[in-house]
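One structure is given below, encoded as structure tokens.
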Amino acid sequence: MPRLEHVGIAVDAPEAVAACYREVLGVLPYKTETVADQGVRTHFISAGSAKLELLEAVADDSPVAAFLKKRGEGLHHLAFEVDDIDEAFARLQNAGFTPLSEAPIRGADDKRIFFLHPKDTHGVLIECCQSTPPTLTPQEIPFREGTLAAYERGRSEAPTVLLLHGAGGCTRMDTAPLMRRLESDFHVLAVDFSGHGASDMPDASFSADLFADNARSVLDFFDVERADIFGFSMGGTMALRFAHQHPKRVRRLAVHGANIDWTPKRAKAMQSRFNANRVANEYPHYAEQLDRLHADWRTLFRRLRAFIASLPDRAGALTDMAVQVHHSTLVSAVDRDDLFPLEAPLHLYRQLPNSRLALIPGEQHALPAVDLNVLMALLRTHFAWS
Ligand code: CMX
């Protein structure tokens with residue numbers, strides 16, 4: 001179902017309006033962006049699950065200037081996020097609505113948008129929008145003999161959340177959509193683990209210490225003393241590892257799809273996902289994506305298989321570690337995960353001394369398949385808890 005993404009408000013003086021919402025909501029705009037071809041400057045304010053978009057005219061002949069002249073400051077449009085903007089455009093046009101452009105166009109905030117004529121929508125201008133993947137430019141961080149790729153969004157004065165992706169994934173594959181959703185309230189950092197994405201392949205073999213050290217290097221580089229950490233799957237285990245090693249540097253934790261109870265069966269199931277020849281032969285589209293996103297995914301897969309093979313011997317040590325992580329931790333998973341059984345999140349939840357459990361309806365382990373609205377609502381509640 002489309003979700004209310006933002007409310008557009010036409011304003012004469014953005015500073016005065018921002019000061020007003022500071023009183024009402026307690027926050028200031030987190031981002032300003034000019035959409036030159038529409039003659040408008042946008043100022044985004046976080047309002048929980050949706051945003052306010054203050055619209056300031058930057059050209060006298062712009063539609064927002066005309067709107068302000070005719071109606072004065074006030075509600076300009078409601079924007080609903082849809083899953084497939086082209087499908088929504090065709091469907092609503094066929095249903096008799098009048099789109100105000102010939103096709104979806106570029107909007108603010110890395111979105112594709114279109115408007116519907118208010119004559120068909122009872123006088124309210126309605127926008128449909130779809131987020132496009134953000135332009136993520138990595139920053140190179142020195143790490144041991146090579147570099148790590150790290151990503152930063154949001155305001156650096158806001159509380160920091162560090163996002164850790166899963167084995168064989170990377171920021172662009174796994175955690176980028178979360179960066180976009182969290183950037184309005186948090187200073188969001190993400191890193192490609194060693195050997196993943198745009199980070200260098202390390203000389204050392206893969207280990208929990210190596211990946212936890214990746215997390216430490218990112219926080220050090222951005223001068224962040226303490227952060228909330230979200231980790232998906234292997235990233236979840238690394239978040240726990242980091243919190244265990246550096247308890248003072250972590251405020252809260254959230255782990256999704258993580259497993260610490262490594263039986264030989266679970267290790268085998270995970271390893272079979274990293275069979276490079278099978279992926280190349282049976283899933284050519286996935287292989288193309290891996291080619292694009294990792295420097296050398298075949299070597300990455302080979303080294304992950306070796307790392308995963310070592311995990312059943314470490315299951316006891318991982319459980320010993322978990323019982324000592326006292327941070328408030330949200331353990332989440334999909335209820336019919338196709339990789340790990342329900343016992344995996346339950347085990348982790350029971351070992352962690354200060355954890356909450358959330359199950360999200362779903363069948364696929366992969367983070368991009370999880371209902372982002374549900375996961376975001378859980379994360380916002382968990383991380384914003386004072
Ligand atoms: N509320 C109610 N009615 C509105 C309206 C509004 N905010 N804006 C326009 N209308 C009405 C107009 O009065 C007009 O009515 P009539 O046909 O009866 O005269 C009709 O809708 C069409 O408006 P228009 O300006 O003549 O049509 P255009 O196709 O030239 O432009 C629109 C339509 C909505 C794109 C433009 O008016 C506008 O507001 N542009 C700014 C868009 C904007 O906010 N961009 C920032 C980024 C958006 C984002 O990413 O969220």
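Computed over heavy atoms, backbone and side chain alike; hydrogens, waters and symmetry mates excluded. Both ligands and their constituent atoms are indexed starting at 1 by order of listing.
Close approach of ligand 1 to His76 (heavy-atom distance below 4.0 Å) involves ligand atoms 1 (N), 6 (C), 7 (N), 39 (O), 44 (O). Which parts of ligand 1 touch Glu53 is read off a 4.0 Å heavy-atom cut-off, strictly below it: atoms 48 (C), 49 (C), 50 (O), 51 (O). For ligand 1 and Pro118, the ligand atoms under 4.0 Å from any heavy atom of the residue are 2 (C), 3 (N), 4 (C), 10 (N), 11 (C), 21 (O).
For Ser156 and His187, the side-chain atoms include no donor-acceptor pair closer than 3.5 Å. For the residue pair His347 / Thr319, a side-chain donor-acceptor distance below 3.5 Å is found, with atom types taken as modelled. Of the N and O atoms on the side chains of Gln38 and Ser62, not one donor lies less than 3.5 Å from an acceptor on the other residue.
For Arg303 and Phe206, the positive end sits near the middle of the six-membered ring, less than 6.0 Å away and at most 45° from its axis.
Of the polar atoms of Gln38, at least one N or O is found under 3.5 Å from an N or O of ligand 1, judged by distance alone.
Residue contacts with ligand 1, taken as heavy atom pairs separated by less than 4.0 Å, involve Val40 solely via side-chain atoms from C-beta onward. Here Arg71 has side-chain heavy atoms under 4.0 Å from ligand 1, and that is the only part of it that gets that close. Contacts between Lys119 and ligand 1 below 4.0 angstrom, taking non-hydrogen atoms only, are absent altogether. Of all the heavy atoms of Lys111, none lies under 4.0 Å from any atom of ligand 1, so neither backbone nor side chain is involved. In Ala108, the parts holding a heavy atom less than 4.0 Å from any atom of ligand 1 are both the side chain and the backbone. Residue Arg41 does not touch ligand 1, judged by heavy-atom distances below 4.0 Å.
Put simply, the side chain of His327 never gets that close to the backbone of Val325: no donor and acceptor are under 3.5 Å apart.
Looking at atom 5 (C) of ligand 1, its nearest protein heavy atom turns out to be Leu125 CD2, 3.9 Å. The nearest heavy-atom contact from the protein to atom 38 (C) of ligand 1 is Pro63 CB, 3.4 Å. In terms of protein heavy atoms, atom 35 (C) of ligand 1 is closest to Phe115 CD1, 3.7 Å.
Aromatic ring centres of Phe193 and His165: separated by under 6.0 Å. Less than 6.0 angstrom separates the ring centroid of Trp262 from the ring centroid of Phe340. A centroid separation of 6.0 Å or more is found between the aromatic rings of Phe301 and His294.
Salt-bridge check for Arg252 with Asp228: failed, with every basic side-chain N at 4.0 Å or more from each acidic carboxylate O. Ion pair Arg144/Asp203 not flagged as a salt bridge, since none of the NZ, NE, NH1 or NH2 atoms sits closer than 4.0 Å to an Asp/Glu carboxylate oxygen. Here Glu183 pairs with Lys31 in a salt bridge; the nearest charged N to carboxylate O distance falls below 4.0 Å.
Put simply, atom 17 (O) of ligand 1 has protein non-hydrogen atoms near it, under 4.0 Å away. Checking atom 24 (P) of ligand 1 against the protein gives no heavy-atom contact under 4.0 Å. Within the 4.0 Å cut-off (strictly below), a protein heavy atom is located near atom 7 (N) of ligand 1. Not a single protein heavy atom sits closer than 4.0 Å to atom 31 (O) of ligand 1. Atom 40 (N) of ligand 1 is flagged as protein-proximal [any protein heavy atom, distance under 4.0 Å].
Look at Gly123 and you'll find a heavy atom under 4.0 Å from some atom of ligand 1.
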